[in-house]
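In what follows, a structure is listed as structure tokens, so that the remarks can point back to it.
Note that the structure is a prediction, hence the values are computed from the model and not measured. Letters A, B, ... are given to chains in the order of the sequence lines, protein chains preceding strands, and every chain is numbered from 1.
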There are 2 protein chains.
Amino acid sequence: MNIGEASERSGVSAKMIRYYEGVGLLPSAARRTNGYRDFGDQEVALLQFVRRTRDLGFSLEEVSTLLALWSDKKRPSREVKRLAEAHIADLERRIREMRAVMKTLRGLAQHCHGDERSDCPILDDLAAPRRTTVRPAKRR
Amino acid sequence: MNIGEASERSGVSAKMIRYYEGVGLLPSAARRTNGYRDFGDQEVALLQFVRRTRDLGFSLEEVSTLLALWSDKKRPSREVKRLAEAHIADLERRIREMRAVMKTLRGLAQHCHGDERSDCPILDDLAAPRRTTVRPAKRR
DNA sequence: GTTGACCTTCCCATTGTGGGAAGGTGCAGG
DNA sequence: CCTGCACCTTCCCACAATGGGAAGGTCAAC
């Protein structure tokens, strides 16, 4: 099948299919005589795997690792589980950071009457914070 | 003062100070005869404002709006509050999405024994999901 | 044979940040 | 005075992952 149909079936855009191939995440697709890429059900399954792992927030780097683990029938399941749990921990950390920011923002918004008047504690605090402003660490 | 000291005092890297100036987020800094940028306390205060709003997760676009609102003494505080609350809502939405992903991941990891054995329900599910796989919407 | 829907590659933009090169400046110690 | 070092300048590159779009080839239907 052509790239368009593979895209529809897998939920990965044609653009991204070519990109994944280009960066070596996926093996180069077979070509027809006219130069068009030719996909089979197996390639579509691979693309679906990639889409699902991407949907779960894994980076392409991690997807690559998962693909390798997937094709290695003898690897211990421990490795896969470790990757999944590291990702969960990362999500937890980021959620904690975002919650801290929300707390600060809610505190600021609460004191701002938010009407026609011009004085605004939010801006005042951004200019010279009183107490609980959040300084998050490096993002990944 | 030189850019290095302004950077230290504001917590914004010299690189970013130049970048902010370049994209028009901040007015062009004054120059000495030797071509060096020259910063005063007022400029440092501006940089600190930017750093704090960035720490709260506002985009440069939003920081720009906040700077404009800050310097406009007559604007209604409603506008500022609206921006802050939109940002809070955005954080809430993203957290909800991440929680959904975590739920899926936890479910998968739970069924994986994670030891020397090679069979792994996580990979099996990524290859052909049984039920609760998450398809999040567009990120911003 | 033309039209329209495909496909191909290639380049550019995004967001915000850092790295690093090549070159000028300023100060301190020998 | 010279040397070295720490600072400054601009400019280009890279990142991660994706989309937009141009310029051109192909195929099928009418």
Side-chain angles (χ1 to χ4, degrees), chain A residues 1-26 28-39 43 47 49-67 87 90 94 97 101 135-140, chain B residues 1-26 28-39 43 47 49-67 87 90 94 97 101 135-140:
Chain A
M1 77 192 78
N2 280 347
I3 199 172
E5 196 181 341
S7 167
E8 256 185 55
R9 289 206 202 173
S10 65
V12 180
S13 74
K15 216 77 173 166
M16 280 302 102
I17 295 176
R18 297 192 194 101
Y19 174 72
Y20 291 158
E21 183 184 320
V23 298
L25 180 70
L26 298 176
S28 297
R31 298 291 182 135
R32 297 242 187 79
T33 48
N34 56 11
Y36 287 15
R37 285 174 185 78
D38 194 11
F39 299 85
E43 283 75 27
L47 287 168
F49 183 98
V50 172
R51 181 185 53 68
R52 288 187 200 111
T53 46
R54 289 289 303 138
D55 284 348
L56 290 177
F58 289 95
S59 68
L60 288 196
E61 186 70 27
E62 290 165 326
V63 174
S64 184
T65 305
L66 286 168
L67 280 171
H87 191 51
D90 194 48
R94 279 153 66 193
E97 284 178 11
V101 167
R135 296 260 353 232
K138 245 345 165 218
R139 304 279 158 87
R140 67 141 192 170
Chain B
M1 78 191 79
N2 281 348
I3 199 172
E5 195 180 341
S7 168
E8 258 185 53
R9 290 205 200 174
S10 64
V12 180
S13 75
K15 214 79 173 167
M16 280 302 102
I17 295 176
R18 296 193 194 100
Y19 175 72
Y20 292 158
E21 182 184 322
V23 298
L25 180 72
L26 297 176
S28 297
R31 298 290 182 137
R32 296 240 189 82
T33 48
N34 57 10
Y36 288 13
R37 285 174 185 77
D38 194 11
F39 299 86
E43 284 76 26
L47 286 169
F49 183 98
V50 173
R51 181 185 53 67
R52 288 188 200 109
T53 46
R54 289 289 301 141
D55 285 349
L56 291 178
F58 290 94
S59 68
L60 287 196
E61 187 70 28
E62 290 166 326
V63 173
S64 182
T65 304
L66 285 168
L67 279 171
H87 191 50
D90 195 47
R94 279 152 66 192
E97 285 177 11
V101 168
R135 297 260 354 230
K138 222 36 145 190
R139 306 280 158 87
R140 66 141 190 171

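Protein atom CG of A/D55 is 14 Å distant from nucleotide atom P of D/dA17, rounded to whole Å. Nucleotide D/dC12 holds its C1' atom 15 Å from the OH atom of B/Y19, rounded to whole Å. When the C1' atom of C/dT14 is taken as reference, atom CG of B/L60 falls 12 Å away, rounded to whole Å. If you measure from atom CE of A/M16 to atom C1' of D/dG19, you get 7 Å, rounded to the nearest angstrom. Rounded to an integer number of Å, the gap from A/D38 CG to D/dC27 P is 13 Å. Remark: P of D/dA17 and CG of A/L25 are 10 Å apart, rounded to the nearest angstrom. Nucleotide D/dG25 holds its P atom 16 Å from the CZ atom of A/R31, rounded to whole Å. With rounding to whole Å, A/I3 atom CD1 is found 9 Å from C/dT8 atom C1'.
The minimum heavy-atom distance between A/L47 and A/V12, with the atom names listed, is O-CG2, 3.6 Å. Between A/S7 and A/A14, the closest heavy-atom pair is OG-N, 3.5 Å. Counting all heavy atoms, side chain and backbone alike, B/H87 lies closest to B/L56 at NE2-O, 2.8 Å.
Side-chain N/O atoms of B/R37 include one lying less than 4.0 angstrom from OP1 or OP2 on D/dT9. Side-chain N/O atoms of A/S13 include one lying less than 4.0 angstrom from OP1 or OP2 on D/dG19. Listed pair A/R54 / D/dT18 meets the phosphate criterion, a side-chain N or O lying under 4.0 Å from OP1 or OP2.
Note on A/R32: nothing from the nucleic acid sits closer than 4.0 angstrom, heavy atoms only.
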A/R94/A/D90 under side chain to side chain contact (heavy atoms under 4.5 Å, CB included): CA gap, chis, key distance, verdict = CA-CA 6 Å; A/R94 279 153 66 193; A/D90 194 48; 3.3 Å; yes
Apply side chain to side chain contact (heavy atoms under 4.5 Å, CB included) to the pair B/R18 and B/I3, showing each step before the final yes or no.
-> CA-CA 9 Å; B/R18 296 193 194 100; B/I3 199 172; 3.7 Å; yes
Step by step, would you call A/M1 with A/E43 a side chain to side chain contact (heavy atoms under 4.5 Å, CB included)?
-> CA-CA 10 Å; A/M1 77 192 78; A/E43 283 75 27; over 6 Å; no
Passes side chain to side chain contact (heavy atoms under 4.5 Å, CB included), A/L66 versus A/F49? Steps please.
-> CA-CA 9 Å; A/L66 286 168; A/F49 183 98; 4.1 Å; yes
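For the pair A/Y20/A/M16, a side-chain contact is recorded, criterion being any heavy-atom separation below 4.5 Å from C-beta on.
Direction of the helix axis in the helix from C/dG1-D/dC30 to C/dG30-D/dC1 shifts by 30° between the two five-pair termini, rounded to 10°.
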What string of B, S and - do you get for nucleotides 21-28 of chain C 5' to 3' if you count protein non-hydrogen atoms under 4.0 Å?
-> ---BBS--
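Salt bridge annotation for B/E21-B/R37: present, with a cationic side-chain nitrogen under 4.0 angstrom from a carboxylate oxygen.
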